[in-house]
**Student:** 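Here it is, the structure, as structure tokens.
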Amino acid sequence: YKAVYEGDASHTNSESSTVTITVTDLITTELELEAASSTIYIGDTPSLSGTLYTSDSETTGIDGASVKIYRGNTLVDTVTTEGGVFEYYDTATSSTGSLSYKAVYDGDSTYANCESETVTVTVSKIPTVISLSAVSSSIYVGDTPQLTGTLTDNSNNPLANATVYIYLGGAQQLAQVTTGNDGSFSWTGSASSRSGDKHFTAKYLGDSTYGNATSNDVVITVSKINTSLDIDVPLSLVYSDAFNITGTLTDASNNGINGATIKLKVGNTVVDTGTTATVDGVSGVVKFTQTPVSMGNHTFQLAYEGTAKY
């Protein structure tokens, strides 16, 4: 710059010396933003932190600067840096999805504006865990299978009033039960009509907050009820004289079993069949009448072939 006076009728012209003002560019800046966790669960609070610094040195933070925080295209807050560092905590999440954040610095008379890259936080349903166990892993035909279990979240907090489905073989739905305040549930099935291994699982289908879960496989072995067949036969017989053979069929608890078919064998030959009934107040009794047709030793045996239950 210089100033010039062109003079007039009384004064001569003159000009000043030149003054130079050097105008430099604004100091360039950079803005970094990161999430404390890129994956959170419903109910958690997204947490962000960042740093505003000059481009020529990441260690030179810009203090007292206003940084705008955007969620998507919505301005949600303006924070102030301390030594170039800032933090932002959003409100607790209430649904699943992805949240996109960015930080923007508008600059001032010294520092140029800049903005961060977009940071994405994914919000997921809270994971759940369902456990299942059998009250007894071995039962008999006619007994009822009983299961117990617990439904919790990934922090072991119980889920109350939740619906749990009980499945047989992973596909056949047997029942639905509701968890208690402690997340526990129980189920008693109908009486087992066949022997074999029964595979049970429990499933929770989840809701808008909690994810689904499937329990471990629980095997209950259903066995036939053990039986005992006693025979009572005279040890000494008279040729051609009729005699009685009595049998008694009982279960493992020594209860008599009526209506069972009993075969009488002489040696390996079946010579008669009978049905157990109550005789003189005793259940499970069968009687046969035989007559010896030859001299010598005779071997008698009673046989019960069992059923789906026994």
Side-chain angles (χ1 to χ4, degrees), residues 132-149 166-175 177 186-201 216-310:
L132 187 68
S133 61
V135 174
S136 177
S137 61
S138 180
I139 62 175
Y140 293 103
V141 173
D143 291 343
T144 55
Q146 294 179 294
L147 302 171
T148 60
I166 307 297
Y167 284 83
L168 175 65
Q172 180 184 352
Q173 182 180 315
L174 300 177
V177 294
S186 62
W187 172 78
T188 299
S190 56
S192 303
S193 60
R194 287 187 173 186
S195 60
D197 288 341
K198 311 296 182 183
H199 293 257
F200 297 93
T201 53
N216 51 298
D217 182 61
V218 171
V219 179
I220 295 179
T221 300
V222 183
S223 303
K224 291 184 179 182
I225 300 173
N226 293 326
T227 60
S228 178
L229 182 57
D230 295 330
I231 185 172
D232 183 16
V233 60
L235 298 179
S236 179
L237 305 174
V238 177
Y239 176 73
S240 76
D241 285 352
F243 66 94
N244 291 325
I245 297 174
T246 303
T248 305
L249 179 67
T250 57
D251 63 17
S253 300
N254 206 35
N255 299 309
I257 303 171
N258 286 340
T261 299
I262 306 298
K263 295 179 179 180
L264 171 63
K265 293 183 178 182
V266 178
N268 293 321
T269 303
V270 177
V271 297
D272 201 359
T273 59
T275 303
T276 57
T278 299
V279 177
D280 297 331
V282 179
S283 300
V285 176
V286 63
K287 289 182 177 293
F288 299 95
T289 300
Q290 293 288 300
T291 302
V293 295
S294 63
M295 302 294 288
N297 294 326
H298 299 272
T299 301
F300 299 94
Q301 184 182 32
L302 298 179
Y304 173 57
E305 295 182 350
T307 64
K309 183 176 182 179
Y310 294 102

**Student:** Kindly compute the distance separating NZ (Lys287) from CG (Asp232), expressed to the nearest 0.5 Å.
**Tutor:**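 Nearest 0.5 Å value for the NZ-CG distance: 8.0 Å.
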**Student:** If we ignore hydrogens and angles and just use 3.5 Å, is the side chain of Thr273 paired with the main-chain N or O of Lys263 as donor and acceptor?
**Tutor:**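 It does not hold such a pair.
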**Student:** Asp230 side chain to Gly247 main-chain N or O, any donor-acceptor pair under 3.5 Å?
**Tutor:**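 No; zero donor-acceptor contacts below 3.5 Å.
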**Student:** Please round to the nearest 0.5 Å and tell me the distance separating atom CG of Asn244 and atom CZ of Phe288.
**Tutor:**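 Interatomic distance, Asn244 CG to Phe288 CZ, rounded to 0.5 Å: 11.0 Å.
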**Student:** Report the C-alpha distance between Val222 and Arg194 in whole Å, list the side-chain angles of each, state the deciding distance to 0.1 Å, and finish with yes or no for side chain to side chain contact (heavy atoms under 4.5 Å, CB included).
**Tutor:** CA-CA 7 Å; Val222 183; Arg194 287 187 173 186; over 6 Å; no
**Student:** For Gln173, look at atom CD and say whether over 12 heavy atoms of other residues, nucleotides or ligands are found less than 6.0 Å away.
**Tutor:**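 Atom CD in Gln173 is crowded, with more than 12 foreign heavy atoms closer than 6.0 Å.
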**Student:** Closest heavy-atom contact between Thr289 and Ala242?
**Tutor:**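 That closest heavy-atom pairing would be CG2-CB, 4.1 Å.
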**Student:** Report yes if the side chains of Glu305 and Thr261 come closer than 4.5 Å at any heavy-atom pair, otherwise no.
**Tutor:**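 Glu305 vs Thr261: side chains apart.
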**Student:** As a quick check of understanding, evaluate side chain to side chain contact (heavy atoms under 4.5 Å, CB included) for Leu264 and Gln290, giving each step before the final call.
**Tutor:** CA-CA 10 Å; Leu264 171 63; Gln290 293 288 300; 3.7 Å; yes
**Student:** How many angstroms lie between atom OG of Ser136 and atom CG of Asp143, to the nearest 0.5 angstrom?
**Tutor:**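 With rounding to 0.5 Å, OG (Ser136) is 8.0 Å from CG (Asp143).
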**Student:** For the pair Phe243 and Phe300, name the ring-plane relationship: parallel under 30°, tilted 30 to 60°, perpendicular over 60°.
**Tutor:**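 Rings of Phe243 and Phe300: perpendicular, over 60°.
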**Student:** Among Thr275, Thr248, Leu249, Ile231, exactly one meets side-chain contact (heavy atoms from CB on, under 4.5 Å) together with Ile262. Which residue is that?
**Tutor:**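 Single pass found, and it is Leu249.
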**Student:** How close do Ser190 and Pro145 get, counting heavy atoms only, and between which atoms?
**Tutor:**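 So the two residues come closest at O-CD, 3.2 Å.
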**Student:** With distance as the sole test, does Thr307 use its side chain to make a donor-acceptor pair with the main-chain N or O of Lys309 at under 3.5 Å?
**Tutor:**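 Yes; judged by distance alone, with no hydrogens or angles, the pair exists.
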**Student:** For Ala277 versus Asn258, what's the shortest heavy-atom pair and its separation?
**Tutor:**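 Shortest heavy-atom separation between Ala277 and Asn258 comes out as C-OD1, 3.1 Å.
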**Student:** Taking atom OH of Tyr140 as the centre, does the number of heavy atoms from other residues, nucleotides or ligands within less than 6.0 Å exceed 12?
**Tutor:**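 For Tyr140, atom OH is not crowded (no more than 12 foreign heavy atoms under 6.0 Å).
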**Student:** Is it the case that Thr148 and Ser133 place a side-chain donor and acceptor less than 3.5 Å from each other?
**Tutor:**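 Yes, Ser133 and Thr148 have a side-chain donor paired with an acceptor closer than 3.5 Å.
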**Student:** Before giving the answer on side chain to side chain donor-acceptor pair (under 3.5 Å), spell out for Ser138 and Thr221 the whole-Å C-alpha distance, their side-chain angles and the decisive distance to 0.1 Å.
**Tutor:** CA-CA 5 Å; Ser138 180; Thr221 300; 5.8 Å; no
**Student:** Going by atom types only, do Thr227 and Asp251 share a side-chain donor-acceptor pair under 3.5 Å?
**Tutor:**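 No - no donor-acceptor pair under 3.5 Å links their side chains.
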**Student:** Flag the pair Leu147 / Ile220 as yes when at least one side-chain heavy-atom distance between them is below 4.5 Å, and no otherwise.
**Tutor:**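 Yes, their side chains come closer than 4.5 Å.
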**Student:** If you draw a 6.0 Å radius around CG in Asp197, do more than 12 non-hydrogen atoms from other residues or ligands fall strictly inside?
**Tutor:**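 Yes.
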**Student:** Taking Ile257's backbone N and O only, do any of them form a donor-acceptor pair with Thr276's side chain (distance below 3.5 Å, no angle check)?
**Tutor:**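 Yes.
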**Student:** Report the distance from atom CD1 of Ile139 to atom OG1 of Thr144, rounding to the nearest 0.5 Å.
**Tutor:**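 That separation rounds to 7.0 Å.
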**Student:** Donor-acceptor check, side chain of Ser195 to backbone of Lys224, threshold 3.5 angstrom: yes or no?
**Tutor:**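 No; zero donor-acceptor contacts below 3.5 Å.
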**Student:** Can you tell me how far apart CD1 (Ile225) and OG (Ser253) are? Round to the nearest 0.5 Å.
**Tutor:**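 The OG atom of Ser253 is 8.0 Å from CD1 of Ile225, to the nearest 0.5 Å.
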